[in-house]
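This report refers to the structure that appears directly beneath it.
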Amino acid sequence: MRSAGLARLQGLFAVYKPPGLKWKHLRDTVELQLLKGLNAGKPPAPKQRVRFLLESVESSKEKELTLTANRVPTLIDHPLVRGLAFTSLKVGVGHRLDSQASGVLVLGVGHGCGLLTDMYNAHLTKDYTVRGLLGKATDDFCEDGRLVEKTTYDHVTREKLDRILAVIQGSHQKALVTYSSLDLQTQEAYEMAVSGVIRPMNKSPMLITGIRCLQFAPPEFLLEVQCMHETQKQLRRLVHEIGLELKSTAVCTQVRRTRDGFFTLDDALLRTQWDLPSIQGAIQAAAPRVAAELEKSLRPSLGTQEPPGPGQPWDSERPRSALEPESHVGH
(Lines give C-alpha, C1' and ligand atoms only; values in the text may rest on other atoms or scores of the structure.)
Protein backbone atom coordinates (compact mmCIF):
# COMPACT_ATOMS: atom_id res chain seq x y z
CA MET A 1 0.00 0.00 0.00
CA ARG A 2 2.75 2.45 0.95
CA SER A 3 4.94 1.65 -2.06
CA ALA A 4 1.92 2.05 -4.33
CA GLY A 5 1.23 5.46 -2.78
CA LEU A 6 4.83 6.50 -3.40
CA ALA A 7 4.67 5.28 -7.02
CA ARG A 8 1.74 7.62 -7.68
CA LEU A 9 3.84 10.54 -6.46
CA GLN A 10 6.25 10.55 -9.42
CA GLY A 11 5.68 13.64 -11.56
CA LEU A 12 4.72 17.32 -11.69
CA PHE A 13 1.88 19.26 -10.13
CA ALA A 14 1.05 22.92 -9.45
CA VAL A 15 0.03 24.74 -6.30
CA TYR A 16 -1.21 28.26 -5.70
CA LYS A 17 1.31 30.26 -3.68
CA PRO A 18 -0.34 32.99 -1.62
CA PRO A 19 1.45 36.33 -1.14
CA GLY A 20 3.62 36.62 1.94
CA LEU A 21 4.72 32.98 1.86
CA LYS A 22 8.30 32.08 0.92
CA TRP A 23 8.70 29.33 -1.66
CA LYS A 24 11.03 27.35 0.64
CA HIS A 25 8.41 27.34 3.37
CA LEU A 26 5.79 26.22 0.84
CA ARG A 27 7.97 23.35 -0.37
CA ASP A 28 8.71 22.22 3.20
CA THR A 29 5.00 22.35 4.04
CA VAL A 30 4.08 20.23 1.02
CA GLU A 31 6.83 17.71 1.83
CA LEU A 32 5.64 17.46 5.44
CA GLN A 33 2.04 16.86 4.34
CA LEU A 34 3.10 14.17 1.86
CA LEU A 35 5.22 12.37 4.47
CA LYS A 36 2.35 12.54 6.93
CA GLY A 37 0.01 10.98 4.35
CA LEU A 38 2.46 8.23 3.37
CA ASN A 39 3.17 7.28 6.98
CA ALA A 40 -0.52 7.25 7.85
CA GLY A 41 -1.13 4.32 5.54
CA LYS A 42 -1.79 0.87 6.95
CA PRO A 43 1.54 -0.85 7.70
CA PRO A 44 2.19 -4.24 6.06
CA ALA A 45 1.39 -7.36 8.03
CA PRO A 46 4.37 -8.35 10.21
CA LYS A 47 6.49 -11.25 9.04
CA GLN A 48 6.15 -14.50 10.94
CA ARG A 49 8.91 -16.71 12.29
CA VAL A 50 8.98 -20.06 14.09
CA ARG A 51 10.00 -20.17 17.74
CA PHE A 52 10.12 -23.12 20.11
CA LEU A 53 8.36 -22.22 23.30
CA LEU A 54 8.13 -24.12 26.56
CA GLU A 55 4.66 -25.41 27.31
CA SER A 56 3.37 -27.55 30.16
CA VAL A 57 1.70 -30.82 29.30
CA GLU A 58 -0.39 -32.62 31.90
CA SER A 59 0.15 -36.38 32.07
CA SER A 60 -1.63 -38.95 34.20
CA LYS A 61 0.84 -38.52 37.02
CA GLU A 62 2.36 -34.98 36.83
CA LYS A 63 2.91 -31.92 34.66
CA GLU A 64 5.75 -32.02 32.16
CA LEU A 65 7.49 -29.24 30.18
CA THR A 66 7.98 -29.66 26.46
CA LEU A 67 9.15 -27.56 23.51
CA THR A 68 6.41 -26.68 21.04
CA ALA A 69 6.87 -24.98 17.63
CA ASN A 70 4.89 -21.71 17.37
CA ARG A 71 4.61 -18.98 14.71
CA VAL A 72 5.10 -15.51 16.21
CA PRO A 73 5.33 -12.03 14.55
CA THR A 74 8.75 -10.49 13.93
CA LEU A 75 8.85 -7.14 15.70
CA ILE A 76 11.88 -5.82 13.82
CA ASP A 77 9.58 -4.14 11.25
CA HIS A 78 7.13 -2.78 13.82
CA PRO A 79 6.73 1.05 13.56
CA LEU A 80 7.53 1.43 17.24
CA VAL A 81 10.83 -0.40 16.65
CA ARG A 82 12.09 0.90 13.29
CA GLY A 83 10.36 4.31 13.34
CA LEU A 84 8.49 5.99 10.48
CA ALA A 85 8.65 4.32 7.07
CA PHE A 86 9.21 7.64 5.25
CA THR A 87 11.38 10.37 6.76
CA SER A 88 12.30 12.41 3.67
CA LEU A 89 10.99 13.00 0.17
CA LYS A 90 12.56 14.62 -2.87
CA VAL A 91 10.42 17.66 -3.70
CA GLY A 92 11.72 20.15 -6.27
CA VAL A 93 10.53 23.67 -7.15
CA GLY A 94 10.25 24.99 -10.71
CA HIS A 95 10.26 28.68 -11.67
CA ARG A 96 10.26 30.37 -8.29
CA LEU A 97 8.11 33.17 -6.93
CA ASP A 98 9.44 35.63 -4.35
CA SER A 99 7.62 36.12 -1.06
CA GLN A 100 5.56 39.11 -2.25
CA ALA A 101 4.33 37.46 -5.46
CA SER A 102 1.52 34.93 -5.74
CA GLY A 103 0.14 32.47 -8.25
CA VAL A 104 1.04 29.23 -10.01
CA LEU A 105 4.10 27.43 -8.65
CA VAL A 106 5.11 24.09 -10.21
CA LEU A 107 6.56 21.38 -7.98
CA GLY A 108 8.08 18.00 -8.81
CA VAL A 109 8.28 14.80 -6.76
CA GLY A 110 10.65 11.90 -7.48
CA HIS A 111 11.48 11.74 -11.19
CA GLY A 112 9.35 14.88 -11.54
CA CYS A 113 12.43 16.82 -10.43
CA GLY A 114 14.04 15.80 -13.72
CA LEU A 115 10.94 17.01 -15.57
CA LEU A 116 11.42 20.40 -13.91
CA THR A 117 14.80 20.59 -15.66
CA ASP A 118 13.09 19.74 -18.95
CA MET A 119 10.59 22.55 -18.36
CA TYR A 120 13.47 24.96 -17.76
CA ASN A 121 15.25 23.85 -20.95
CA ALA A 122 12.04 24.24 -22.97
CA HIS A 123 12.04 28.01 -22.29
CA LEU A 124 8.27 28.12 -21.92
CA THR A 125 6.45 31.42 -21.49
CA LYS A 126 4.62 32.44 -18.33
CA ASP A 127 1.63 34.75 -17.82
CA TYR A 128 1.33 37.38 -15.10
CA THR A 129 -1.16 39.99 -14.03
CA VAL A 130 0.72 43.03 -12.74
CA ARG A 131 -1.06 45.85 -10.92
CA GLY A 132 0.40 49.36 -10.88
CA LEU A 133 -0.31 52.58 -9.03
CA LEU A 134 0.47 55.95 -10.62
CA GLY A 135 1.74 58.97 -8.74
CA LYS A 136 4.70 57.79 -6.68
CA ALA A 137 8.05 56.02 -6.90
CA THR A 138 9.84 53.93 -4.28
CA ASP A 139 13.36 52.59 -3.92
CA ASP A 140 12.34 48.96 -4.56
CA PHE A 141 9.46 49.60 -7.04
CA CYS A 142 6.94 48.23 -4.47
CA GLU A 143 4.11 50.16 -2.88
CA ASP A 144 5.46 49.64 0.64
CA GLY A 145 9.03 50.66 -0.23
CA ARG A 146 10.76 53.89 0.77
CA LEU A 147 9.09 56.80 -1.01
CA VAL A 148 11.51 58.72 -3.25
CA GLU A 149 9.17 60.80 -5.42
CA LYS A 150 5.55 61.86 -5.85
CA THR A 151 4.14 63.12 -9.14
CA THR A 152 0.87 64.06 -10.80
CA TYR A 153 -0.86 61.66 -13.20
CA ASP A 154 -3.86 63.63 -14.49
CA HIS A 155 -2.34 63.78 -17.96
CA VAL A 156 -2.05 59.96 -18.27
CA THR A 157 -4.69 58.38 -20.53
CA ARG A 158 -5.48 54.84 -21.65
CA GLU A 159 -4.36 55.71 -25.18
CA LYS A 160 -0.92 56.88 -23.97
CA LEU A 161 -0.50 53.72 -21.91
CA ASP A 162 -1.49 51.48 -24.83
CA ARG A 163 1.07 53.19 -27.07
CA ILE A 164 3.84 52.59 -24.53
CA LEU A 165 2.82 48.93 -24.22
CA ALA A 166 2.86 48.51 -28.02
CA VAL A 167 6.40 49.90 -28.14
CA ILE A 168 7.51 47.51 -25.39
CA GLN A 169 6.02 44.48 -27.15
CA GLY A 170 7.53 45.36 -30.51
CA SER A 171 10.93 46.00 -28.96
CA HIS A 172 10.99 42.66 -27.14
CA GLN A 173 9.73 40.72 -30.17
CA LYS A 174 12.74 41.91 -32.16
CA ALA A 175 15.03 40.82 -29.34
CA LEU A 176 13.27 37.44 -29.21
CA VAL A 177 14.10 36.75 -32.86
CA THR A 178 17.74 37.66 -32.25
CA TYR A 179 18.10 35.44 -29.19
CA SER A 180 16.30 32.53 -30.88
CA SER A 181 19.10 32.43 -33.49
CA LEU A 182 16.60 31.61 -36.23
CA ASP A 183 17.49 31.51 -39.88
CA LEU A 184 14.61 33.67 -41.07
CA GLN A 185 15.22 32.69 -44.70
CA THR A 186 13.64 29.27 -44.15
CA GLN A 187 9.97 28.39 -44.47
CA GLU A 188 10.01 26.56 -41.14
CA ALA A 189 11.30 29.65 -39.32
CA TYR A 190 8.62 31.79 -40.97
CA GLU A 191 5.90 29.38 -39.86
CA MET A 192 7.28 29.39 -36.31
CA ALA A 193 7.26 33.18 -36.28
CA VAL A 194 3.67 33.32 -37.53
CA SER A 195 2.47 30.75 -34.97
CA GLY A 196 4.25 32.55 -32.12
CA VAL A 197 6.35 29.61 -30.93
CA ILE A 198 9.76 31.25 -31.32
CA ARG A 199 11.85 30.76 -28.20
CA PRO A 200 15.47 31.61 -27.35
CA MET A 201 17.97 28.79 -27.72
CA ASN A 202 19.59 29.55 -24.38
CA LYS A 203 19.39 31.83 -21.36
CA SER A 204 18.57 35.45 -22.18
CA PRO A 205 17.43 38.63 -20.45
CA MET A 206 13.73 38.97 -19.71
CA LEU A 207 11.75 38.79 -22.95
CA ILE A 208 8.15 39.97 -23.20
CA THR A 209 6.13 38.17 -25.87
CA GLY A 210 2.87 39.96 -25.11
CA ILE A 211 1.65 42.82 -22.93
CA ARG A 212 -1.71 44.60 -22.73
CA CYS A 213 -3.76 46.68 -20.34
CA LEU A 214 -6.73 44.89 -18.76
CA GLN A 215 -8.00 47.71 -16.55
CA PHE A 216 -7.32 51.44 -16.43
CA ALA A 217 -8.86 53.42 -13.56
CA PRO A 218 -6.32 56.09 -12.51
CA PRO A 219 -4.33 55.96 -10.38
CA GLU A 220 -4.58 52.16 -10.75
CA PHE A 221 -3.99 50.04 -13.83
CA LEU A 222 -3.74 46.30 -14.43
CA LEU A 223 -1.46 44.71 -17.02
CA GLU A 224 -1.35 41.21 -18.47
CA VAL A 225 2.23 40.22 -19.30
CA GLN A 226 3.41 37.13 -21.18
CA CYS A 227 7.14 36.67 -20.78
CA MET A 228 10.08 34.34 -20.21
CA HIS A 229 13.34 34.43 -18.23
CA GLU A 230 11.86 37.02 -15.91
CA THR A 231 12.08 37.71 -12.22
CA GLN A 232 9.31 39.33 -10.23
CA LYS A 233 11.61 42.25 -9.44
CA GLN A 234 12.07 42.88 -13.17
CA LEU A 235 8.29 42.98 -13.60
CA ARG A 236 8.03 45.54 -10.79
CA ARG A 237 10.77 47.58 -12.42
CA LEU A 238 8.83 47.40 -15.69
CA VAL A 239 5.91 49.16 -13.99
CA HIS A 240 8.33 51.81 -12.72
CA GLU A 241 9.72 52.41 -16.22
CA ILE A 242 6.25 52.57 -17.74
CA GLY A 243 5.48 55.34 -15.25
CA LEU A 244 8.57 57.25 -16.35
CA GLU A 245 7.64 56.87 -20.03
CA LEU A 246 4.23 58.33 -19.19
CA LYS A 247 5.99 61.42 -17.73
CA SER A 248 4.91 60.36 -14.27
CA THR A 249 5.83 57.67 -11.75
CA ALA A 250 4.35 54.31 -10.82
CA VAL A 251 4.84 51.53 -8.28
CA CYS A 252 3.84 47.89 -8.46
CA THR A 253 1.21 46.76 -5.97
CA GLN A 254 0.71 43.14 -7.09
CA VAL A 255 2.45 40.44 -9.14
CA ARG A 256 0.40 37.29 -9.76
CA ARG A 257 1.43 34.42 -12.01
CA THR A 258 -1.55 32.93 -13.83
CA ARG A 259 0.28 30.41 -16.03
CA ASP A 260 3.63 28.64 -15.93
CA GLY A 261 4.17 26.78 -19.19
CA PHE A 262 1.31 24.29 -19.47
CA PHE A 263 0.10 24.74 -15.86
CA THR A 264 -2.64 27.32 -15.25
CA LEU A 265 -4.65 28.57 -12.29
CA ASP A 266 -7.17 25.78 -12.92
CA ASP A 267 -4.41 23.22 -12.20
CA ALA A 268 -3.11 24.90 -9.03
CA LEU A 269 -3.97 23.25 -5.72
CA LEU A 270 -5.13 25.60 -2.97
CA ARG A 271 -3.55 25.49 0.48
CA THR A 272 -6.37 23.28 1.79
CA GLN A 273 -5.53 20.73 -0.93
CA TRP A 274 -1.85 20.24 -0.08
CA ASP A 275 -2.41 16.65 1.03
CA LEU A 276 -1.43 13.22 -0.29
CA PRO A 277 -4.67 12.25 -2.14
CA SER A 278 -5.07 15.65 -3.82
CA ILE A 279 -1.44 15.80 -4.95
CA GLN A 280 -1.52 12.21 -6.21
CA GLY A 281 -4.64 13.02 -8.22
CA ALA A 282 -3.09 16.19 -9.64
CA ILE A 283 0.08 14.35 -10.71
CA GLN A 284 -1.87 11.56 -12.42
CA ALA A 285 -4.18 14.02 -14.18
CA ALA A 286 -1.29 16.15 -15.47
CA ALA A 287 1.04 13.30 -16.49
CA PRO A 288 -0.24 12.76 -20.09
CA ARG A 289 -0.29 16.50 -20.81
CA VAL A 290 3.18 16.99 -19.30
CA ALA A 291 4.65 14.23 -21.46
CA ALA A 292 3.01 15.51 -24.65
CA GLU A 293 3.90 19.17 -24.09
CA LEU A 294 7.52 18.50 -23.14
CA GLU A 295 8.00 16.21 -26.14
CA LYS A 296 6.64 18.93 -28.41
CA SER A 297 8.59 21.76 -26.77
CA LEU A 298 11.93 19.94 -26.62
CA ARG A 299 11.71 18.64 -30.18
CA PRO A 300 14.62 20.17 -32.15
CA SER A 301 13.41 23.26 -33.97
CA LEU A 302 13.70 23.27 -37.74
CA GLY A 303 15.46 26.05 -39.56
CA THR A 304 17.60 27.12 -36.60
CA GLN A 305 21.27 27.82 -36.46
CA GLU A 306 23.65 25.98 -34.19
CA PRO A 307 23.81 27.53 -30.71
CA PRO A 308 27.14 28.95 -29.53
CA GLY A 309 29.57 26.38 -28.25
CA PRO A 310 31.08 26.17 -24.77
CA GLY A 311 32.91 29.30 -23.76
CA GLN A 312 30.92 31.40 -26.26
CA PRO A 313 28.14 33.09 -24.24
CA TRP A 314 25.06 34.30 -25.99
CA ASP A 315 25.47 37.78 -24.60
CA SER A 316 27.46 39.00 -21.63
CA GLU A 317 25.41 42.19 -21.39
CA ARG A 318 21.97 42.61 -19.89
CA PRO A 319 19.35 45.15 -20.96
CA ARG A 320 19.43 48.24 -18.79
CA SER A 321 15.79 48.91 -19.51
CA ALA A 322 12.89 46.53 -20.01
CA LEU A 323 11.57 48.91 -22.66
CA GLU A 324 14.45 48.57 -25.16
CA PRO A 325 16.11 45.14 -24.94
CA GLU A 326 17.05 44.95 -28.60
CA SER A 327 19.59 47.74 -28.32
CA HIS A 328 21.60 45.59 -25.89
CA VAL A 329 21.43 42.29 -27.77
CA GLY A 330 24.64 41.09 -29.33
CA HIS A 331 24.71 41.02 -33.14
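Residues take their numbers from the sequence shown, with the count starting at 1.
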Those residues at least two apart in sequence (or on a different chain) that pass salt bridge (charged side-chain N to carboxylate O under 4.0 Å, His left out) with Asp162 are Arg158
Those residues at least two apart in sequence (or on a different chain) that pass side-chain hydrogen bond (donor to acceptor under 3.5 Å, both in side chains) with Thr29 are none
Residues passing the side-chain contact (heavy atoms from CB on, under 4.5 Å) test with Lys90, sequence neighbours excluded, are Cys113
Here the ring-ring contact (aromatic ring centres under 6.0 Å, His included) pairs for residues 242-280, sequence neighbours left out, are none
Residues pairing under ring-ring contact (aromatic ring centres under 6.0 Å, His included) where one sits in residues 235-260, two or more places apart or in two chains, turn out to be Phe141-His240
Q. Do Leu26 and Leu105 touch side chain to side chain, with heavy atoms closer than 4.5 Å?
A. yes
For Thr138, the side-chain hydrogen bond (donor to acceptor under 3.5 Å, both in side chains) test, sequence neighbours excluded, returns Asp140
Exercise for the section: Using distance alone, with no hydrogens and no angle criterion, decide if Thr258 and Thr129 have a side-chain donor and acceptor under 3.5 Å apart. Expected result: no
Thr209 meets the side-chain hydrogen bond (donor to acceptor under 3.5 Å, both in side chains) criterion, sequence neighbours left out, with Gln226
The side-chain hydrogen bond (donor to acceptor under 3.5 Å, both in side chains) partners of Asp98 (sequence neighbours excluded) come to Arg236
Applying ring pair (Phe, Tyr, Trp, His ring centres under 6.0 Å) to His229 and not counting sequence neighbours gives His123
Check: Ala101 main-chain N/O paired with Gln232 side-chain donor or acceptor under 3.5 Å: no
In short, salt bridge (charged side-chain N to carboxylate O under 4.0 Å, His left out) pairs touching residues 120-138 with sequence neighbours left out are Lys126-Glu230, Asp127-Arg259
Distance-only donor-acceptor pairs under 3.5 Å for side chains of residues 211-223, two or more places apart:
residue, atom, partner, partner atom, Å
Arg212, NE, Glu224, OE1, 2.7
Arg212, NH2, Glu224, OE1, 3.2

The complete set of ring-ring contact (aromatic ring centres under 6.0 Å, His included) pairs with one or both residues in residues 147-171, sequence neighbours excluded, reads none
